[in-house]
Amino acid sequence: MLTLQYLRDNKDEALKRLAKRGNPELEELVSKALSLDAESRKIRAEAEALQAEVNKASKDIGARMREGDQAGAEALKQRVSEIKNEAQEQKAELMRKDSDLATVLYQIPNVPGPDVPAGRTPEENEEVFRSGNLPEPGRTPLPHWELASKYALIDFETGVKITGAGFPLYTGKGAKLQRALINFFLDRADIAGYHEVIPPLVVNEDSGIGTGQLPDKEGQMYYMGEDELYLIPTAEVPITNIFRDVILNEEDLPIKKCGYTPCFRREAGSYGKDVRGLNRLHQFDKVEIVEITKPEESYAVLQAMTEHVKGLLDALELPYRILRLCGGDMGFAAATTYDFEVFSAGQDRWLEVSSVSNFEDFQSNRLKCRFRRKGEKQTALVHTLNGSALALPRIVAALLENNQDETGIKIPPALVPYTGFDRIEA
RNA sequence: GGAGAAGUGGCCGAGCGGUUUAAGGCGCACGCCUGGAAAGCGUGUUUCCCCGAGAGGGGAUCAAGGGUUCGAAUCCCUUCUUCUCCGCCA
């Protein structure tokens, strides 16, 4: 969430930046937060003054009892009871204000960064880069679900039998291709300096709140009520939460982590061509990169992360484009997001395969992840960033569709050392 | 899953209703001392929040949350975690 300090000191700037999200309710929420904040602080000052009196009187009682002044002690006890009665009401009021304030703050999304275009819909996203050639018009390539079946790579029907829709069964070379991509992505991340972790795939409520999935978006995660735990929707959640309640030293930064995990998403309400084949799954594999930086470095790091992702798509020789998301299309916690989309020849459409975001201090404020500059006593919030590098299913879809010919599918050379085969045939 | 023990500051470790403002030690920072260093001595050293221009004052914080009390690290309840033993198991 946004820090109150930022809202207090930069209300106009915050409103200006929030306006890019195209949601007129935000201005009101900000005003409400600020007025609740002012009320809360006023009551807090009063309540704390009373508490100070109670503390002082209690100490006096102790002193009198040691001196044997029972009567004096009793009189003070009486007095303290009165003050406590008075304070009771204020404490209750304070708790109400603070909880109202938290509710409002949780509803205010991050302020879009300087380069983010204003807009509400995906059409208003800005294409900033394009690479590779789109297939010739006139060709009629097969969609990946037909290729998957033709070459026995993925068995969607059996996945349905075992679990349900959105849980595919990869088989043979289809399974090997998954494994190859995971290792390829992890090796590339390692070379780029990301430290590999294998995190838990199940997280608690605090972690969900830390990265912003909770409260509010619990419907997107699978929840195990018996144990009050959530299946991770992305490795971002466990990896970023490594740094929850942590104070780092300046020289520790930047911290670069990567990890492969399956991801689980309920995707309630999705339908049609969006969920066909591998387009949108309840379980999929992804390699994620996460970086923790000093505030002044986060935008340079965002750039470097996008370069890393570009490198992966270049190596796989897939046509792709990069979009700078407009304010309204960005996630709740993001300040700036670049989406990567590969072209799917068999479906004649773009598919999102990566989303790289700078959260500035929005996540770290919730996480309470701070750092201390050398020689300074004060702590400051770090900036957090993350990106998919990469999500597998749509990469697989594009690889199959874009590299198909009459008799098979060609594996891009960069991947051959990982697959052990350079072609998939019947 | 069952039985028992325990969670105190950056770390070790005392305290088990009121001079605790959390002893003592280690570590760290600064100062004195020194040609320089070590040792020694002195000062400081959790984090968050509120009031204040500042100096400073105040509140919270002894795993977490609730309770008892004028007063809780200390007593009670719940939860979490760690350790030991038993059971089960890849």
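Quick caveat: nothing in here was measured; it's all calculated off a predicted structure. Below, read A as the first sequence line, B as the second, and so on, with proteins coming before strands; counting in each chain starts at 1.
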Same-atom distance ([atom1]) from [N] to [M], integer angstrom:
N: B:C16; M: B:A73; atom1: P; value: 14 Å
N: B:C28; M: B:A37; atom1: P; value: 16 Å
N: B:A90; M: B:A72; atom1: C1'; value: 46 Å
N: B:A39; M: B:U34; atom1: C1'; value: 11 Å
N: B:G57; M: B:A22; atom1: P; value: 15 Å
N: B:G35; M: B:G27; atom1: P; value: 25 Å
N: B:A3; M: B:G10; atom1: P; value: 35 Å
N: B:U21; M: B:C62; atom1: C1'; value: 15 Å

(Q) Let's test your reading of the pairing rules: Watson-Crick or G-U wobble, both distances under 3.5 Å, then write RNA chain B as a dot-bracket string with ( ), [ ], | and dots. (A) ((((((((.[[[..)..(.....]]]((((((.......)))))).(((((....)))))..[[[[[..)....]]]]])))))))....
Q: Could you walk me through whether A:Glu93 and A:Lys97 pass the salt bridge (Lys or Arg N to Asp or Glu O under 4.0 Å) test, one step at a time?
A: CA-CA 6 Å; A:Glu93 181 67 9; A:Lys97 290 288 181 209; 3.8 Å; yes
Using a 4.0 Å heavy-atom cut-off across all strands, classify [X] as base, sugar-phosphate, or nothing.
X: A:Leu76; result: nothing
X: A:Asn55; result: sugar-phosphate
X: A:Ala57; result: nothing

Please check: side-chain N/O of [X] versus main-chain N/O of [Y], any donor-acceptor pairing under 3.5 Å?
X: A:Asn10; Y: A:Tyr6; value: yes
X: A:Arg394; Y: A:Glu352; value: yes
X: A:Gln404; Y: A:Glu401; value: yes
X: A:Ser388; Y: A:Ser355; value: yes

**Q.** Nearest-nucleotide 5' precedence on RNA chain B, A:Glu48 against A:Ala63
**A.** A:Ala63
**Q.** Residue whose closest nucleotide on RNA chain B lies nearer the 5' end, A:Gln78 versus A:Met65
**A.** A:Met65
Q) Salt bridge check: are A:Arg372 and A:Glu376 linked by an N-O gap of less than 4.0 Å? A) no
(Q) Between A:Lys42 and A:Glu39 (salt bridge meaning N to carboxylate O under 4.0 Å), is one present in this structure? (A)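 No.
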Q: Would you name the heavy atoms of A:Arg370 and A:Thr379 that are closest together and state the gap between them?
A: CD-OG1, 3.8 Å
Q) Within 45 degrees of the axis of the six-membered ring of A:Phe421 and under 6.0 Å from its centre: does A:Lys173 put its NZ or CZ there? A)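 Yes.
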Q.
With a 6.0 Å cut-off (strictly less than), is the heavy-atom count around CD of A:Glu296, excluding the residue itself, greater than 12?
A.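 For A:Glu296, atom CD is crowded (more than 12 foreign heavy atoms under 6.0 Å).
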Q: May I ask you to decide if the ring planes of A:Tyr223 and A:Tyr230 are parallel, tilted or perpendicular, using 30° and 60° as cut-offs?
A: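 Rings of A:Tyr223 and A:Tyr230: tilted, 30 to 60°.
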Q) Taking the six-membered ring for Trp, are A:Tyr222 and A:His282 parallel (under 30°), tilted (30 to 60°) or perpendicular (over 60°)? A) perpendicular
Q.
Heavy atoms within less than 4.0 Å of RNA chain B: which residues of residues 365-374 of chain A have one? Give them sorted by number.
A.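 Those residues whose heavy atoms fall under 4.0 Å from RNA chain B, taken from residues 365-374 of chain A in numerical order, are A:Arg370, A:Arg372.
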Q.
Going 5' to 3' along RNA chain B, which are the first and last nucleotides with any atom under 4.0 Å from a heavy atom of chain A?
A. B:G18 to B:G71
